[in-house]
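Data first, discussion second: the structure below is written as structure tokens.
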Amino acid sequence: MVTNRELEERVDTSDEWIVQRTGIRERHIVAEGETTSVMGIAAGRAALADAGLGPDDIDLVICATSTPDYTFPSTATQIQDGLGIRGGAAFDIQAVCTGFIYALATADKFIRSGSHRRVLVVGAETFSKILDWTDRGTCVLFGDGAGAVVVEAQEGTGALSDRGILTTQLRSDGRYRDRLYVDGGPGSTGTTGHLRMEGRDVFKFAVGKVIDVVREAFAETGAEIGDLDWFVPHQANRRIIEASADKLGIPREKVVITVDRHGNTSAASIPLALDAARKDGRIKDGHLVMLEAIGGGFTWGSALVRW
Ligand code: UT7
């Protein structure tokens, strides 16, 4: 765990600035030798145990990550192997901070097609490896982590009372590449590169687009703000989260915030927040939960879920 105070020793920043501008107090950084798949395996194992399932019960593993262990094979195949899953398929999804929403949407569509019955969806990241630790504008914002959920086929009636993923809304606009990107890669520099961000631009874009895509999820399902039990947004910045919730008219007490403890963990932030809210008893079976995220690309999206 790395506190804001510890970062004060690395770059010209302060605990006060970080807390005021972002709400972040601490973040977790992997130990030497730990990788995205190591955390993904731990999260996957915990999710399987929680669901009372074993490795043979899973026929698809999807891992959302922008920080894979290797260029290839996919991190999902490493997680599949680490969990002893020998059947089915595994692949990665790359949509940066929106990765978990994209992965959840993919799992939902595989299940609805009838081709797969139980999907392990993992969000896992080691952004500490792509940060420029001399850039105070980015290095204080991110952290490492992983979370996972199991998505299972179940008959529904098409009503809002159905359990599971009720709708997913995915968007992207590649014109914004230079606002949030990594300045390297196998096809360009041949190096891993470092994260670069125009924070102010991302902030403005985030609030507007997140609101649109949440409203579209409500419109598609016929649900209303008042039906919502929990709002679980991507955890990048407390101010973005609160501004979005306020504009949507979602009361602050229904908003799950974990950015203070984890920083921005990209594709891992939503499953980490779900885990926290479930373990402390906030999210219960039958609750209606809105997830949303925005990330590099830009990509953005939402998912309305009946727990
Ligand atoms: O995960 C999805 C994508 N990411 C996001 O959603 C992040 C979106 N952006 C943000 O969260 C915010 O824009 C930041 C937290 C990155 C920055 O907050 P801001 O209120 O937009 O600050 P700013 O960039 O306008 O910078 C204000 C000042 C600047 O100084 P001057 O030019 O006013 O003198 C910066 O140089 O704060 C300075 N600054 C810092 N000071 C202390 C920037 N970083 C730091 C720092 N410590 N770490």
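These numbers were taken from a predicted model, which means no experiment stands behind them. One is the number of the first residue; the rest follow in order along the sequence. Every number for a ligand or one of its atoms is a count from 1 in the order of the listing.
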Fill in: Residue pair Ile257 / Arg238, side-chain heavy-atom distance below 4.5 Å
yes

Worksheet item: Taking only heavy atoms of Thr22, which atoms of ligand 1 are found under 4.0 Å from at least one of them?
Response: 15 (C)

Item to complete: Please examine the side chains of Val150 and Ile58, heavy atoms only from C-beta on, and report whether any two atoms are closer than 4.5 Å.
Response: yes

Worksheet item: How far is atom 17 (C) of ligand 1 from its nearest protein heavy atom, and which residue and atom name does that atom have?
Response: Trp17 CH2, 4.0 Å

Worksheet entry | Arg239: numbered ligand 1 atoms lying under 4.0 Å from its heavy atoms | 18 (O), 20 (O)

Worksheet item: Can you tell me which residue and heavy atom of the protein come closest to atom 48 (N) of ligand 1, and the distance to 0.1 Å?
Response: Arg136 O, 2.9 Å

Discussion item. With heavy-atom distances below 4.0 Å as the criterion, list the atoms of ligand 1 near Cys97.
Written reply: 1 (O), 2 (C)

Worksheet, complete the sentence: min-distance protein heavy atom vs atom 1 (O) of ligand 1 -> Asn264 ND2, 2.7 Å

Discussion item. Would you call the rings of Phe91 and Phe110 parallel, tilted or perpendicular, taking 30° and 60° as the class edges?
Written reply: tilted

Item to complete: Just go through Arg200, Lys204, His234 and tell me whose heavy atom is the nearest to atom 23 (P) of ligand 1.
Response: Arg200

Worksheet item: Is ligand 1 under 4.0 Å from a heavy atom in the side chain of Ile294, in the backbone, in both, or in neither?
Response: backbone

Practice prompt. State, without any angle test, whether Thr299 and Ser172 hold a side-chain donor-acceptor pair at a distance under 3.5 Å.
Written response: no

Fill in: Check: Ile18 N/O within less than 3.5 Å of ligand 1 N/O
no

Worksheet entry | Polar contact flag, side-chain donor to acceptor under 3.5 angstrom, Thr65-Glu125 | yes

Discussion item. What I'd like to find out is whether the side chain of Asp81 reaches to under 4.5 Å of the side chain of Gln78, using heavy atoms alone.
Written reply: no

Practice prompt. Say whether Thr167 and Gln169, considering side chains only, have a donor N or O and an acceptor N or O under 3.5 Å apart.
Written response: yes

Worksheet item: At a non-hydrogen distance cut-off of under 4.0 Å, which region of Leu180 contacts ligand 1 (side chain, backbone, both, or neither)?
Response: side chain

Worksheet item: Can you name the one residue among Arg25, Glu26, Arg27 that meets side chain to side chain donor-acceptor pair (under 3.5 Å) with Asn4?
Response: Arg27

Discussion item. Does the residue Gly137 have a heavy-atom contact with ligand 1, meaning some pair of atoms that are separated by less than 4.0 Å?
Written reply: yes

Discussion item. Is any side-chain heavy atom of Leu131 closer than 4.5 Å to one of Lys129?
Written reply: no

Worksheet entry | For atom 8 (C) of ligand 1, closest protein heavy-atom neighbour | Gly199 O, 3.6 Å

Fill in: Per-atom contact, atom 44 (N) of ligand 1, protein heavy atoms, under 4.0 angstrom
yes

Discussion item. With a 4.5 Å cut-off on side-chain heavy atoms, are Trp300 and Val210 touching?
Written reply: no

Worksheet item: Against heavy atoms of Asn237, which atoms of ligand 1 measure under 4.0 Å?
Response: 10 (C), 11 (O), 12 (C), 15 (C)

Worksheet entry | Asp59/Arg118 salt bridge by N-O under 4.0 Å criterion | no

Item to complete: Evaluate the 4.0 Å heavy atom contact test for atom 41 (N) of ligand 1: does a protein atom fall under the cut-off?
Response: yes

Worksheet item: Is it the side chain (CB and beyond), the backbone, both or neither of Ala206 that lies under 4.0 Å from ligand 1, heavy atoms counted?
Response: neither

Practice prompt. Establish, from distance only, whether the side-chain atoms of Ser128 and Thr126 form a donor-acceptor pair under 3.5 Å.
Written response: no

Worksheet item: Against heavy atoms of Val202, which atoms of ligand 1 measure under 4.0 Å?
Response: 3 (C), 4 (N), 5 (C), 6 (O), 8 (C)

Discussion item. Can you see whether Thr157 engages Asp162 through a side-chain donor-acceptor pair at a distance of less than 3.5 angstrom?
Written reply: yes

Worksheet item: Among all protein non-hydrogen atoms, which one is nearest to atom 20 (O) of ligand 1, and what is the separation to 0.1 Å?
Response: Arg21 NH1, 2.8 Å

Practice prompt. Measure the distance from atom 47 (N) of ligand 1 to every protein heavy atom, then report the residue, atom name and distance (to 0.1 Å) of the closest one.
Written response: Thr13 OG1, 2.7 Å

Worksheet item: With distance as the sole criterion, is a donor-acceptor pair present between the side chains of Asp69 and Ser37 under 3.5 Å?
Response: yes

Worksheet entry | Protein non-hydrogen atom found under 4.0 Å from atom 37 (O) of ligand 1 | yes

Worksheet item: Going by the atom numbers of ligand 1, which of them fall below 4.0 Å from some non-hydrogen atom of Ala236?
Response: 1 (O), 5 (C), 6 (O)

Worksheet, complete the sentence: With heavy atoms and a 4.0 Å threshold, my read on which part of Leu141 contacts ligand 1 is side chain

Worksheet item: Would you say atom 31 (P) of ligand 1 has a protein heavy atom nearer than 4.0 Å?
Response: no

Fill in: For Val140, atoms of ligand 1 separated by under 4.0 Å from a heavy atom
48 (N)

Item to complete: Using the ring of Phe218 (Phe, Tyr or Trp, six-membered ring only), decide whether Arg215 places NZ or CZ under 6.0 Å from its centre and within 45 degrees of its axis.
Response: no

Worksheet, complete the sentence: Note: ligand 1 atoms sitting under 4.0 Å from heavy atoms of Ile240 are 6 (O), 8 (C)

